[in-house]
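Comments concern the structure below.
Computed from a prediction, not measured in an experiment: that's the story for all the values here.
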Amino acid sequence: MFKQYDIIVVGGGHAGCEAAAAAARMGSQVLLITMNMATIAQMSCNPAMGGVAKGQIVREIDALGGMSGIIADKSMIQFRMLNKSKGPAMWSPRTQNDRMLFAQEWRLALEQVERLDFWQDMVTAITVKNGRVTGVKTSMGHEIAARAVILTNGTFLNGVIHVGEKQFGGGRTGERAATGITENLRELGFDSGRMKTGTPPRVDGRSLDYSKMEEQKGDEKPGKFSFSETKPLTVQRSCHITYTNPVVHELLAEGFDRSPMFTGRIQGQGPRYCPSIEDKINRFAERDRHQIFVEPEGWHTIEVYVNGFSTSLPEEVQYKALRQIPGFEKAKMFRPGYAIEYDYFPPTQLQLTLETKLVENLYFAGQINGTTGYEEAASQGLMAGINAHNKLTDKEPFILKRSEAYIGVLIDDLINKGTEEPYRMFTSRAEFRILLRQDNADLRLTEKGYELGLADEKRLQKVLEKKAKVAALIDELSHIKVRPEEVNHKLADFNTAPIREGTQLHKLILRPELNLDKIKRLKGEIDSHLNNYEEEVVEQAEIQMKYQTYIEKEKILVEKMSSLDSKKISPDFNYDAIKALSAEAREKLKQVKPQNLGQASRISGVSPADISVLMVYLNR
């Protein structure tokens with residue numbers, strides 16, 4: 001039945017979809033195997049994409065030629081740019097999405113990809129010969145040959161669902177767990193661990209009283225993720241905000257003796273930054289309320305996602321407590337919240353390409369690596385798909401540096417530091433976040449995507465035109481002068497100091513009280529001049545001018561870091577021969593096998609003194 005494929009992708013979640021689409025579009029013959037064709041690209045948890053730092057990742061995926069940004073735009077019901085009150089390095093796009101439409105758009109997009117086949121089955125093992133993967137075995141008894149395999153199993157590996165004292169196997173509610181792969185990989189020498197995540201109850205929106213909640217509308221001028229020609233929203237659906245209270249907390253606490261979290265039935269480590277509601281009221285007992293986001297699941301469905309109320313308490317406890325939340329007094333619950341435990345494989349067992357060190361041409365992407373979130377998974381899937389194709393076609397590995405993308409930060413953190421709890425991306429993890437803004441992801445990465453064969457000629461030309469227009473606008477603004485008598489009366493309106501002599505416009509832009517929108521009002525000819533440029537060009541020019549000093553400082557730091565990255569280290573380097581290295585550094589370096597000195601410097605447990613010793617040794 002099956003020909004030999006170039007690449008088999010196991011799992012049809014966010015990582016699997018990006019991996020399969022990328023590899024097939026680049027020219028590989030790809031087979032996507034999923035346990036249920038009806039749940040490809042399912043939003044297992046909240047119906048949203050992006051958010052703090054995650055939105056930057058989605059824009060990077062899009063700039064490289066991935067699909068997540070386009071799918072998110074086609075299925076969004078609300079758009080918000082978070083952190084607009086802060087500097088542009090913190091701005092993060094987020095969409096509320098139609099859950100069913102998101103999965104449908106992904107499925108339709110995948111079906112349009114040439115060289116991509118589908119098969120519904122459960123993979124139970126990979127096959128290996130002479131240290132190289134040769135294909136997979138399935139529960140239906142098939143052995144399917146492939147030159148490379150990408151595992152993107154999500155929460156399905158030996159998944160166990162917990163609701164109060166009940167527990168049953170499953171990778172997601174209503175779907176069975178995947179068995180066999182963990183045991184197979186352990187036999188091959190891989191280390192595995194256990195993690196836990198959770199999800200809140202879903203309720204009937206018709207039973208809620210929204211008049212008792214705060215309405216949370218989308219942006220007045222909604223943006224979008226993709227740099228392509230997807231359409232922004234003209235109509236949006238609102239979310240709502242409400243709060244728990246002491247009565248809710250008391251009712252929840254009554255179920256603690258039956259909570260799998262507190263009775264020890266859950267052994268896996270849960271996400272630090274997205275705790276369950278019982279964990280919140282236990283850890284933060286001094287707080288008398290916690291925020292609840294009431295999120296619609298689509299344009300037409302009545303189902304509502306209760307964000308902030310993730311729980312694994314018994315259903316009746318969830319129900320009683322839920323009905324004490326303002327607006328939820330008559331709430332009808334569609335399905336209870338639950339916790340899920342699953343197997344993962346510490347990512348220090350991978351190379352920066354996401355290929356495993358133990359088995360050649362075997363790649364891991366997504367929650368199997370200990371990450372959490374659709375966006376982190378999708379970016380890993382994209383990178384694994386790219387690198388699997390490149391390896392099979394004798395091309396150079398595609399590795400993004402920490403200074404080039406949040407995706408680079410994510411993978412570098414995973415490989416060099418590992419993770420013992422579900423990893424979540426934050427802007428604080430990126431030391432070069434002023435360079436890695438959401439607004440310039442296309443300027444940073446589209447040319448790379450074009451060289452890979454993922455971003456098309458039209459995308460590239462659009463980016464080159466944008467670069468040229470931004471440079472031209474900055475140059476023009478730098479040569480425009482304004483006189484005191486022309487602008488001082490308006491500067492006073494903007495609560496900024498008057499000028500005493502003719503001043504170049506770009507100096508005024510540096511003032512924190514001013515932006516280009518206000519500058520437009522200073523002088524009529526400036527207003528008409530700026531109107532000649534697209535909004536994204538004007539925004540980009542303003543950011544580059546306003547934050548030029550900070551951007552230049554970060555570029556200098558990047559150059560210093562790149563000098564360490566240029567010092568290559570052989571994969572078979574003998575660290576035991578360097579007695580001056582600390583014992584911990586020697587152990588970690590042998591485990592990770594860094595490709596260069598820069599990577600070695602970012603490994604947890606390797607000190608600056610160890611790097612100095614290594615540098616001396618390499619210079620010899």
Taking it one step at a time, do Arg59 and Arg444 satisfy side-chain contact (heavy atoms from CB on, under 4.5 Å)? CA-CA 11 Å; Arg59 297 214 98 190; Arg444 290 185 277 123; over 6 Å; no
Hey, can you tell me if Phe364 and Phe345 have their rings parallel, tilted or perpendicular (30° and 60° cut-offs)? tilted
Mind telling me whether Tyr374 and His14 have parallel, tilted or perpendicular rings, with 30° and 60° as the class edges? parallel
Would you check if there is a donor-acceptor pair between the side chains of [Y] and [X] at a distance under 3.5 Å?
X: Gln540; Y: Asn440; answer: no
X: Glu375; Y: Ser68; answer: no
X: Asn416; Y: Lys588; answer: no
X: Asp610; Y: Ser607; answer: yes
X: Asn369; Y: Thr371; answer: no
X: His162; Y: Ser312; answer: no
X: Gln349; Y: Thr356; answer: no
X: Ser379; Y: Glu60; answer: no
X: Glu587; Y: Gln591; answer: no

Heavy atoms of Ala24 and Val30 approach each other most closely as N-CG2, 3.6 Å
For [X], does the [atom1] atom have more than 12 heavy-atom neighbours from other residues, nucleotides or ligands under 6.0 Å away?
X: Arg132; atom1: CZ; result: no
X: Lys391; atom1: NZ; result: yes
X: Phe284; atom1: CZ; result: yes
X: Glu420; atom1: CD; result: no
X: Lys357; atom1: NZ; result: yes
X: Glu552; atom1: CD; result: yes

Is it the case that the side chain of [X] and the backbone of [Y] share a donor-acceptor pair, with hydrogens and angles ignored and the cut-off at 3.5 Å?
X: Arg25; Y: Gly65; answer: yes
X: Tyr338; Y: Thr173; answer: yes
X: Lys224; Y: Ser226; answer: yes
X: Asn184; Y: Ile126; answer: yes
X: Lys395; Y: Leu392; answer: no

Can you name the one residue among Thr182, Thr155, Asn153 that meets side chain to side chain donor-acceptor pair (under 3.5 Å) with Asp343? Thr182
Ile61 vs Phe225, side-chain contact (heavy atoms from CB on, under 4.5 Å): CA-CA, chis, key distance, verdict: CA-CA 10 Å; Ile61 291 170; Phe225 279 119; over 6 Å; no
What I'd like to find out is whether the side chain of [X] reaches to under 4.5 Å of the side chain of [Y], using heavy atoms alone.
X: Leu400; Y: Val409; answer: no
X: Thr427; Y: Gln56; answer: yes
X: Met195; Y: Thr372; answer: no
X: Thr152; Y: Tyr363; answer: no
X: Arg94; Y: Lys54; answer: no
X: Pro594; Y: Ile603; answer: yes
X: Leu362; Y: Leu188; answer: no
X: Asp62; Y: Arg459; answer: yes

Answer yes or no for Arg437 and Tyr547: cation-pi contact, defined as NZ/CZ to six-membered ring centre under 6.0 Å and angle to ring axis within 45°. no
State whether Trp91 and Lys86 meet the cation-pi test: NZ (Lys) or CZ (Arg) under 6.0 Å from the six-membered ring centroid, and within 45° of the perpendicular axis. no
Any salt bridge between Asp412 and Arg602, counting N to O under 4.0 Å? yes
Inspect the contact between Arg402 and Asp413 and indicate whether a charged nitrogen and a carboxylate oxygen are less than 4.0 angstrom apart. yes
Set out, in order, the CA-CA distance, both residues' side-chain angles and the distance that settles side-chain contact (heavy atoms from CB on, under 4.5 Å) for Ile415 and Gln599, then state yes or no. CA-CA 9 Å; Ile415 275 61; Gln599 185 186 352; 3.7 Å; yes
Can you check side-chain contact (heavy atoms from CB on, under 4.5 Å) on Asn158 and Thr179, steps first, answer last? CA-CA 5 Å; Asn158 291 326; Thr179 56; 3.7 Å; yes
Could you please spell out the steps behind the ring-ring contact (aromatic ring centres under 6.0 Å, His included) verdict for Tyr342 and Tyr344? CA-CA 7 Å; Tyr342 56 94; Tyr344 85 105; 7.6 Å; no
